[in-house]
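Note sheet for the following structure.
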There are 2 protein chains.
Amino acid sequence: MITKPRIRRNPEEARALILAAAGKRLEEHGLRGLNIKDVADDSGIKHGTLLHHFGSAEGMRRALLAKLSEELISDMSSILNSDAAPEIVFVELFRLMSQTGQTKLLAWRALEEDSDIVSKEEIASIDLIEHIVQRVAERIKGKDVDLARNLIFLALSSAVGWGICGPTLMSTLGMTASQQDQFPAWVGEQLPKLI
Amino acid sequence: MITKPRIRRNPEEARALILAAAGKRLEEHGLRGLNIKDVADDSGIKHGTLLHHFGSAEGMRRALLAKLSEELISDMSSILNSDAAPEIVFVELFRLMSQTGQTKLLAWRALEEDSDIVSKEEIASIDLIEHIVQRVAERIKGKDVDLARNLIFLALSSAVGWGICGPTLMSTLGMTASQQDQFPAWVGEQLPKLI
DNA sequence: TTTACTATTGACACCATTGTTAATAAGAGG
DNA sequence: CCTCTTATTAACAATGGTGTCAATAGTAAA
């Protein structure tokens with residue numbers, strides 16, 4: 001009797017493998033793709049092993065949600081915190097949000113009731129964000145911190161909206177493809193005018 | 001043998017009953033609440049009857065998606081098309097998008113691959129939107145239609161982003177509750193300055 | 001080498017959801 | 001009153017996703 005060789009991974013490695021496959025499935029197949037059978041198949045392990053590492057299917061989903069949220073906050077922070085000119089910063093922000101993975105992550109979070117799943121990690125990032133707010137405020141006469149916050153949130157919310165339903169809304173508005181492409185740059189030019 | 005009396009509805013009435021219950025379930029329980037068993041129970045009919053009217057569970061979901069999308073486009077149009085001052089219009093727009101139903105609708109659409117389910121109805125509303133774009137353009141010197149389009153899209157996308165993850169993003173930015181409430185009004189004041 | 005720990009696996013059971021079918025009954029039209 | 005259509009229902013079957021369990025096999029430590 002020949003038995004198949006087993007690959008024994010350490011727990012972190014196994015979890016990382018599984019979450020990577022889960023993230024890809026979320027992008028390609030939406031929420032319905034996030035079942036333990038398919039995710040396990042994609043990552044080359046058996047579904048029993050997956051349950052061993054995450055406890056339940058819901059546990060796996062929560063772990064993925066937390067991981068992706070952390071990554072998004074991190075990406076946003078590093079873009080906002082860069083020394084690039086505002087025009088570049090805004091374009092980068094829109095480019096980040098137009099990735100399907102980010103869109104589906106935000107949509108998924110909006111559909112979940114208990115959206116405080118990842119609040120701990122995000123609260124940890126407030127300090128960094130606050131630093132960014134201060135830096136933007138310094139460019140404003142009178143160092144208007146509230147104005148800086150509003151401007152940053154306007155850029156962020158618009159980028160999110162762009163990611164969620166940009167193409168649909170824009171074609172509804174009758175915008176051509178090139179007009180759609182130029183919108184991020186336009187925002188980058190216009191928002192500084194409000195200072 | 002006593003048989004229960006049967007209520008016989010006409011098809012439109014039955015479909016309306018079912019979709020109303022489905023919409024409420026989407027708001028309260030998310031996508032997982034959109035199964036034929038629960039929806040049928042809530043609307044007081046048997047799940048077999050539901051399948052008779054919509055063909056399949058997916059058919060019911062597509063019908064709900066189409067109905068809600070139509071309603072959203074209609075609400076957006078009537079707000080944009082009102083004669084109210086820009087400040088009021090923006091606040092109304094944000095109020096519309098902050099309703100949980102609209103949030104979940106957009107999130108749902110973003111998660112679905114085939115987002116052209118409702119394209120026909122939306123395309124039919126382009127004429128109305130185009131009329132609104134023209135009206136806004138008339139307030140701009142030189143009747144800059146492209147600028148009008150960009151402004152409207154900035155407002156819309158920001159409102160969508162506000163609906164999808166407004167509270168989360170804003171508390172991450174360190175905004176107080178009152179600052180969060182005032183944001184729509186702030187947008188209403190600022191955007192006209194870009195003209 | 002021996003032992004202890006645990007990641008891994010296959011097989012199984014369970015449950016929720018979906019879909020099918022034949023029978024029934026309500027209502028419209030003749 | 002009779003007939004035809006079809007909305008309605010209960011009961012059943014099928015499927016797929018979830019979770020359990022005992023056995024197995026790497027791996028590190030004693």
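Below, chain A is the first sequence line, B the second, and so on; all start at residue 1.
As a whole-Å value, the separation of Arg6(B) CZ from dT6(D) P is 16 Å. Atoms CZ (Arg9(A)) and P (dC5(C)) sit 23 Å apart, rounded to a whole Å. Nucleotide dA25(C) holds its C1' atom 17 Å from the CG atom of Asn10(B), rounded to whole Å. One atom, CG of Asn35(A), and another, P of dG17(D), lie 5 Å apart when rounded to the nearest Å. If you take NZ of Lys37(A) and P of dG16(D), they are 9 Å apart, rounded to a whole angstrom. Rounding to whole angstrom units, NE2 of residue His52(B) and P of dA26(C) are separated by 16 Å. One atom, CG of Leu51(A), and another, C1' of dT8(C), lie 13 Å apart when rounded to the nearest Å. Here the C1' atom of nucleotide dT18(C) and the CG atom of Leu34(B) are 15 Å apart, to the nearest Å.
The salt bridge (Lys or Arg N to Asp or Glu O under 4.0 Å) contacts involving residues 7-23 of chain B comprise nothing, where partners must be two or more places apart or lie in separate chains.
Interface remark: the Arg8(A) side chain does form a donor-acceptor pair with the dT6(C) base, using a distance-only criterion of under 3.5 Å.
Within the model, atoms CE of Met175(B) and CG of Leu169(B) stand 10.0 Å from one another, a figure rounded to the nearest 0.5 Å. Here the NZ-CG distance, from Lys46(B) to Asp41(B), works out to 7.0 Å after rounding to the nearest 0.5 Å. With rounding to the nearest 0.5 angstrom, the CD atom of Gln179(B) is 12.0 Å from the OG atom of Ser171(B). Rounding to the nearest 0.5 Å places OG of Ser43(A) at 10.5 Å from CG of Asp38(A).
A side-chain N or O of Glu130(B) and one of Gln134(B) form a donor-acceptor pair less than 3.5 Å apart.
Set against dT18(C), dA23(D), dG19(D), the side chain of Ala57(B) has dT18(C) as its closest nucleotide.
At dA7(C), none of the side-chain N or O atoms of Thr49(A) fall inside 4.0 Å of OP1 or OP2 (strictly under the cut-off). Side-chain N/O atoms of Arg32(B) include none lying less than 4.0 angstrom from OP1 or OP2 on dG17(D). Distances shown here put a side-chain N or O of His53(B) below 4.0 Å from the OP1 or OP2 atom of dT8(D).
Enclosure of atom CD1 in Ile7(B) is not indicated, since only 12 or fewer non-hydrogen atoms of other residues, nucleotides or ligands lie within 6.0 angstrom.
DNA chain D lies under 4.0 Å from at least one heavy atom of each of the following residues of residues 41-48 of chain A: His47(A).
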